[in-house]
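Structure record follows, encoded as structure tokens.
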Amino acid sequence: MGGDITLDDVKRRAQAAGLAIRPDRLEMVRRLLAEALAPLRRMDARRMQTAEPAVTFDASGGSDDGRR
Amino acid sequence: MAGDEIHWAGVRDLGRRFRAKELSPVELTTALLRRIEALDPTLDTFVTVTADRALADAKAAEAALRRGDARPLLGIPVGYKDLYATRGIRTTAGSALLEDWVPDADATCVTRLQDAGCVMLGKLITHEFAWGIQSPGHRFKPARNPWNRGHIPGGSSSGSGAALAAGFCVGALGSDTGGSIRGPASFSGVVGLKPTYGRCSRAGVVTLSWTLDHTGPLTRTVEDCAYFLAALAGHDPLDPASSRAPVADYVGSLGASIRGLRVGVPRDFFLDGADAEVVQAFETALGALRGLGADVRDVVIPSIWDAPSFMVIMASEAFAYHERDLRERPERYGDLLRERLMSGGLYTGAEYVQAMRLRERLRREMLDVLGTVDLLATPTSPKPAPTFEAMYDVSLGFPRSNMPPFNLSGLPALALPCGFSKQGLPLSLQLAGRPFDEATVLRAGHAYQETTDWHRRRPPVG
């Protein structure tokens, strides 16, 4: 996960998602993605092995009791 | 009480006046409806004013008062962010997509306030689907800031913040996914509480992001906020995230001293890029807390700069909610919202998972810090309310916000006025606490308001 998000990155992602981003909004979307993904680009996913996602599966399907 | 003072009165004062027969709910409601009619055309806070319903609610409150009903919110006029479903009353989410939607059931929070005896004044404008401010030509108009109409009142609970600042209602409901209660509270100079995730039901409220959405009250004082939270809090089987954690006595615990309360200040991130006036007002507020005996100290949240990854989660969940309409009828979305929602479809599944892992790490660190202090204090926003011009300029970046870390972690966070900029725009203090410890957060906010008067300042509106 290296490097900043480019306009071409945005176009490729949009094409993969089947979404049409207006040309005059491409830069706005690029900035949104770049800022949001910057922390992910800094993280070493392998060193964070013990950090599980905030959402975990409850097989019993019970409502939470304030644990979250 | 002089005719125009009742617009600013709080819950306890109004309840006393009702029971002393100095003022009736019908008189108060009539006065507020007249005020809304006269002044709201310049502020556009209401989408739908429910005058007949309001008067019916007020008459019912009067009858209950005659029977000796002691409910504290009886006869208190409120407005509901137009994301909250209201039975038989149009609920638009600020969008052309829902301009004709009339729900057949109330949101749980609406039911709870109505059961508490509140008077429904109407539905307050929200940024479109809680994320996109209405731009020129939109089906709906954006609310304007009563302190300066050229500036936004904050969003997405824009109408809620502005209506309170303008003296149109005593309380309002909002929703907060990344600051949408606290932002309007900050920019409009009122109080807003994002409770702990799961504290207040989201059933019947249009979704933005399931794991980040919170519901909560906006008011003009922390004391009023406590009254509203008392009515709203508690388990709701209709909301899968609703907690069964016990509901504290928020009002009863307000007056306790905050001497010895430990207040942590995470300067890194939260003060970065803040205007000098914001920093000065914030430091003055910390001084006031120290003057009340609080132990204010600096703290560090090591991963706080990961907070911007919040947008991966919010946008992805929002896209999942809107995907079908975005693909089938994108033209129905507002100009400033459509591509924002589409951006959520551009993240990969792995990126969403990694963002959730960063979220969990940040949440644990914030809880660790709250094991060493009782509260966290930050400026609610690093800058005062921007202009509409700035909001509509897509070439400008999105300003960094101090509010999402508390959505990511689910911790309760309160925004309250702490000063004004040189331009006369409100500045705000954010206090956050441990999960389900809204009582401590409110107690500290109330203590602060007992020694300051920022919350008593009034905008230049009628």
Side-chain angles (χ1 to χ4, degrees), chain A, chain B residues 196-199 210-211 235 237 239-246 303 305-315 319 326-327 330 335-336 338-340 342-348 350-364 394-398 400 408-410 435-436:
Chain A
M1 288 199 252
D4 202 358
I5 300 288
T6 66
L7 287 176
D8 281 342
D9 289 331
V10 174
K11 289 175 189 171
R12 273 193 291 272
R13 287 175 183 246
Q15 188 175 30
L19 293 168
I21 307 285
R22 287 180 300 170
D24 64 343
R25 292 287 189 260
L26 279 171
E27 173 58 21
M28 181 201 77
V29 172
R30 187 202 70 76
R31 257 205 304 268
L32 266 176
L33 264 63
E35 189 171 305
L37 292 172
L40 277 68
R41 277 153 164 66
R42 288 195 300 266
M43 77 184 277
D44 182 341
R46 285 179 236 177
R47 289 186 68 184
M48 276 183 64
Q49 275 180 353
T50 55
E52 295 192 356
V55 175
T56 55
F57 178 66
D58 179 354
S60 69
S63 60
D64 100 294
D65 59 355
R67 280 169 297 172
R68 229 195 315 203
Chain B
T196 309
Y197 185 79
R199 177 73 293 176
W210 292 277
T211 71
H235 177 64
D239 180 353
S242 180
S243 175
R244 294 180 187 279
S303 299
W305 284 97
D306 290 342
S309 61
F310 147 91
M311 189 56 71
V312 177
I313 300 167
M314 192 185 100
F319 177 78
L326 280 169
R327 292 191 187 279
D335 205 48
L336 290 178
R338 190 184 315 112
E339 274 75 15
R340 281 189 183 181
M342 285 186 175
S343 75
L346 306 193
Y347 296 108
T348 66
E351 286 166 344
Y352 176 83
V353 170
Q354 302 295 19
M356 290 294 260
R357 294 176 75 203
L358 288 177
R359 175 184 194 171
E360 178 60 12
R361 182 170 71 176
L362 180 60
R363 186 186 74 90
R364 286 189 204 170
V394 295
S395 71
L396 297 176
F398 294 95
R400 189 184 50 72
L408 285 169
S409 58
F436 302 102

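Numbered from 1 within each chain, the chains take letters A, B, ... in sequence-line order. Computed from a predicted structure; not experimentally measured.
Proximity to chain B is limited to the backbone of A:Ala20, based on heavy atoms less than 4.5 angstrom apart. In this structure, chain A has no heavy atom under 4.5 Å from any part of B:Arg199. Proximity to chain A is absent for every atom of B:Phe310, based on heavy atoms less than 4.5 angstrom apart.
For A:Arg22, the side chain to side chain donor-acceptor pair (under 3.5 Å) criterion is met by B:Asp335, B:Glu339, not counting sequence neighbours. Taking B:Trp305 as the reference, B:Asp268 meet the side chain to side chain donor-acceptor pair (under 3.5 Å) condition, with sequence neighbours excluded.
Note that CD of B:Gln354 is 14.5 Å distant from OH of B:Tyr347, once rounded to the nearest 0.5 Å.
When each of A:Leu37, A:Val29, A:Ile21 is scored by its heavy-atom pairs under 4.5 Å with chain B, the top score falls to A:Leu37. Of the listed residues A:Val10, A:Asp24, A:Leu19, the one with more heavy-atom pairs under 4.5 angstrom with chain B than any other is A:Leu19. Interface summary for chain B: among A:Glu27, A:Arg30, A:Arg13, the most heavy-atom pairs under 4.5 angstrom belong to A:Arg13.
Under 4.0 Å is where a charged nitrogen must lie from a carboxylate oxygen, and between B:Asp306 and B:Arg361 at least one such pair does. Ion pairing between a basic and an acidic side chain is recognised when a charged N comes within 4.0 Å of a carboxylate O; A:Arg31 and A:Glu35 show no such pairing.
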